Protein chains: 2
Amino acid sequence: MSDRENGQTTQPRATMQDVARAAGVSLKSVSRVINAEPHVSQKLLDKVQAAIHELRYVPDTAARSLAGQRHFMLGVLLDNPSPHYTMRLVAGAYEACRQHRYTLQFDNIYAAEGPGHQAERIEQILHSSRLDGMILTPPTSDVPELLDSLERKGLPYVRIAPGQDTERSARVTVDDRDAVRQVADYFWERGHRRFGLVRGLWSHPSSRIRRDAFVERLRSHSPDVSIIEADGDYTFEGGLRAGEELLSARRPATAVFASNDDGAAGVMTAAMRLGLKVPHDVSVIGFDDSWVAKSVWPSLTTVRQPLEEMGHAAAQMLISRALGGHHGTFANRHFEHRFIERGTVRTIA
Amino acid sequence: MSDRENGQTTQPRATMQDVARAAGVSLKSVSRVINAEPHVSQKLLDKVQAAIHELRYVPDTAARSLAGQRHFMLGVLLDNPSPHYTMRLVAGAYEACRQHRYTLQFDNIYAAEGPGHQAERIEQILHSSRLDGMILTPPTSDVPELLDSLERKGLPYVRIAPGQDTERSARVTVDDRDAVRQVADYFWERGHRRFGLVRGLWSHPSSRIRRDAFVERLRSHSPDVSIIEADGDYTFEGGLRAGEELLSARRPATAVFASNDDGAAGVMTAAMRLGLKVPHDVSVIGFDDSWVAKSVWPSLTTVRQPLEEMGHAAAQMLISRALGGHHGTFANRHFEHRFIERGTVRTIA
DNA sequence: GTCGGGATTGACAGCGCTGTCAAGACAGCG
DNA sequence: CGCTGTCTTGACAGCGCTGTCAATCCCGAC
């Protein structure tokens, strides 16, 4: 491998003891400063901070974990097939962790294997790692067995975008309904009256929510508006099939909302194959602002979830909690979507 | 938050001491078994393993780190804009880490900010975290300043797919040349004689390598073969522009190789806009087998790098090293690409 | 039967930090 | 001026494990 282990140039890292000595105070006082504990005089604070800075002191996480009851590690439960989605969420959570010198552990829980397996898997995860908290990402946020296990173990957790039984725990939410209404209105205001809807995967609560919001909003504009629905199962393939169905109907849709971007890309391809031009002949809006949104032409009008911020918030909640925060009350941070106007919607004269 | 901290049901985790007692041996003997040290009799081994199993003992990483000189943490240096690429590499590395109860720390190094900033950034990373090794992913594998810093600190590292100065360190390689030759032959054998090439980003060594291999291979078939080149900078947009250039030339290419999938998707879109059908009028091959490869129609013929395996191998090398392995010699694990035949290439009569 | 040497096992001192508890400092009050 | 209560500071044990070193065991060779 590539190195020389004999740290010729590397002087040993400063310890808390070193800082204490340099500042002329006790070990424990340095500890107090590091942990921002109360009852520290300004004078002592200054001395210690100067010494810390001077020695470039960085506390040793392993020692802190061993001696105290924090462990500087959070877990994230993952089971989302979309790398882009996962990546953004995790990036946000990771950033929050880094800021507090925490580490993030990733755990894939395979929903496909059924709730029994999942419960077993999480028990194992909890037993074998010392965590200060757990972040549940969709679709794991809605598996009751998981929540049960977590509660039994007494591990704090935060659910991201839970679909059901929302009040049960701390959570980070985002209002899909609201975003979908914007989509519906956007189409409506541009003169569209015949709609297509590509549904997602029924096992994800988000799927039903998005569908219902879209349909309801449109009906509120006109009770007997035309909406053709088809299943797209959140994939390109699914969107392709759904698109062909929607666009080759007798009175085809002029505006299609796909429950995610992959599906929307499928619809665009279907349009192309049917000789329809986007947005001239069909308008399309996606959901997620994933990577593909910019890998199609025209680039896709879509809705972006602030996933990084959501992940960040979730981790932040857990970290504050570990520092000795808010017991009893279930925090809830809410975020808004951002509508991203690009090139796939046309205004009908 | 969602829990009860008073672990009513949670009995304390077993410690090594507990195991020693249960097995009727000394603490140190259990430690030997856990660390697979030599000089342990079969009888003792059995007793200890039984006790470990019985008590569901899991060693405490923090304590091990504190007491020993391993820290059970590896770092990955990231600076690749493609989430899919990063994700796959990291997933593999992470899996290897999990198997050995290691943790992976991610660090973004912003190449765009220039080598000076990077060196500073890595110094800071190395100073503030206790790592057993570092994995460099492209394009960080080719920043000499980074390697210098790592070596100065004496931290073992492995470079993934380094482009230059390969022998300098341990590494995990994959032969782009070989894969690109396959691509060239694949086109050639199917009767194509007029080629288009979408180049990548010059700052990535891979870009030049892929380009050269493609051109050389084709020339080896026929010295004055027609190859039109255009810059695609590894993005969809770039591929789109490059595609329009290549396909609207006087004697347009019938087969286009794009240095990555995003670029290939751009070429396909360009073809569509020019009224050309893929693969009937133009054949396209990409590189990476990224998410978009299946989000276009027809789905993209491409080349897949075994990124998970590569990440896994890199982490594995570092972990073995930390266990006290191969000093002096620079390991090198080599991987092969896999050619993925899908629907974007046509055989010319 | 005895000795040398390697194989096997264990005792023990910390690693760097936090939690506990007690001591010292200091202000206010009678 | 002494006493009490609060604020600040420090001493100390020990978290769970590994590295060191010494003790013990077992074997073949003499």
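No experiment lies behind these values; they were computed from the predicted model shown. In what follows, chains are A, B, ... by sequence order, proteins preceding strands, each numbered from 1.
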### Message
Pairing check on D:dG19: which nucleotide meets the Watson-Crick or G-U wobble criteria with it, both distances under 3.5 Å?
### Response
C:dC12
Could [X] and [Y] be called an ion pair, given the rule that one side-chain N must be under 4.0 Å from one carboxylate O?
| X | Y | answer |
| --- | --- | --- |
| B:D132 | B:R321 | no |
| A:R21 | A:D18 | yes |
| A:E123 | A:R152 | yes |
| A:D148 | A:R168 | yes |

Calculate the interatomic distance between [X] atom [atom1] and [N] atom [atom2]; express it in whole Å.
| X | N | atom1 | atom2 | result |
| --- | --- | --- | --- | --- |
| B:E37 | C:dT8 | CD | C1' | 12 Å |
| B:D18 | D:dG16 | CG | C1' | 10 Å |
| A:R64 | D:dG16 | CZ | P | 18 Å |
| A:Q69 | D:dC15 | CD | C1' | 11 Å |
| A:H39 | C:dT20 | NE2 | C1' | 14 Å |
| A:R101 | C:dC17 | CZ | C1' | 14 Å |
| B:Q17 | C:dG10 | CD | C1' | 12 Å |
| A:L323 | C:dT18 | CG | C1' | 14 Å |

### Message
Using OP1 and OP2 only, check whether a side-chain N or O of B:S31 sits under 4.0 Å from D:dT18.
### Response
yes
### salt bridge (charged side-chain N to carboxylate O under 4.0 Å, His left out) contacts touching residues 52-71 of chain A (sequence neighbours left out)
A:D60-B:R130
### Heavy atoms of other groups near A:H127 NE2, more than 12 under 6.0 Å
yes
### Message
Heavy atoms only, 4.0 Å cut-off, all strands: where does A:P38 land among base, sugar-phosphate and nothing?
### Response
nothing
### Query
How is B:Y57 classified with respect to the nucleic acid when contacts are heavy atoms under 4.0 Å: base, sugar-phosphate, or nothing?
sugar-phosphate
### Query
Are B:M310 and B:L89 close enough, and set up right, to give a side chain to side chain contact (heavy atoms under 4.5 Å, CB included), and what steps lead you there?
CA-CA 7 Å; B:M310 290 167 67; B:L89 219 38; 4.3 Å; yes
### Task
Can you figure out which of D:dT8, C:dT9, C:dG16 approaches the side chain of B:S41 most closely?
C:dT9
Nucleotides 10-13 of chain D: which of its N/O atoms have a protein N/O under 3.5 Å away?
unit_1: D:dG10; atom_1: OP2; unit_2: A:S26; atom_2: N; d: 3.0
unit_1: D:dG10; atom_1: OP2; unit_2: A:S26; atom_2: OG; d: 3.3
unit_1: D:dG10; atom_1: OP2; unit_2: A:S29; atom_2: OG; d: 2.5
unit_1: D:dG10; atom_1: N7; unit_2: A:R32; atom_2: NH1; d: 3.3
unit_1: D:dG10; atom_1: O6; unit_2: A:R32; atom_2: NH2; d: 2.7

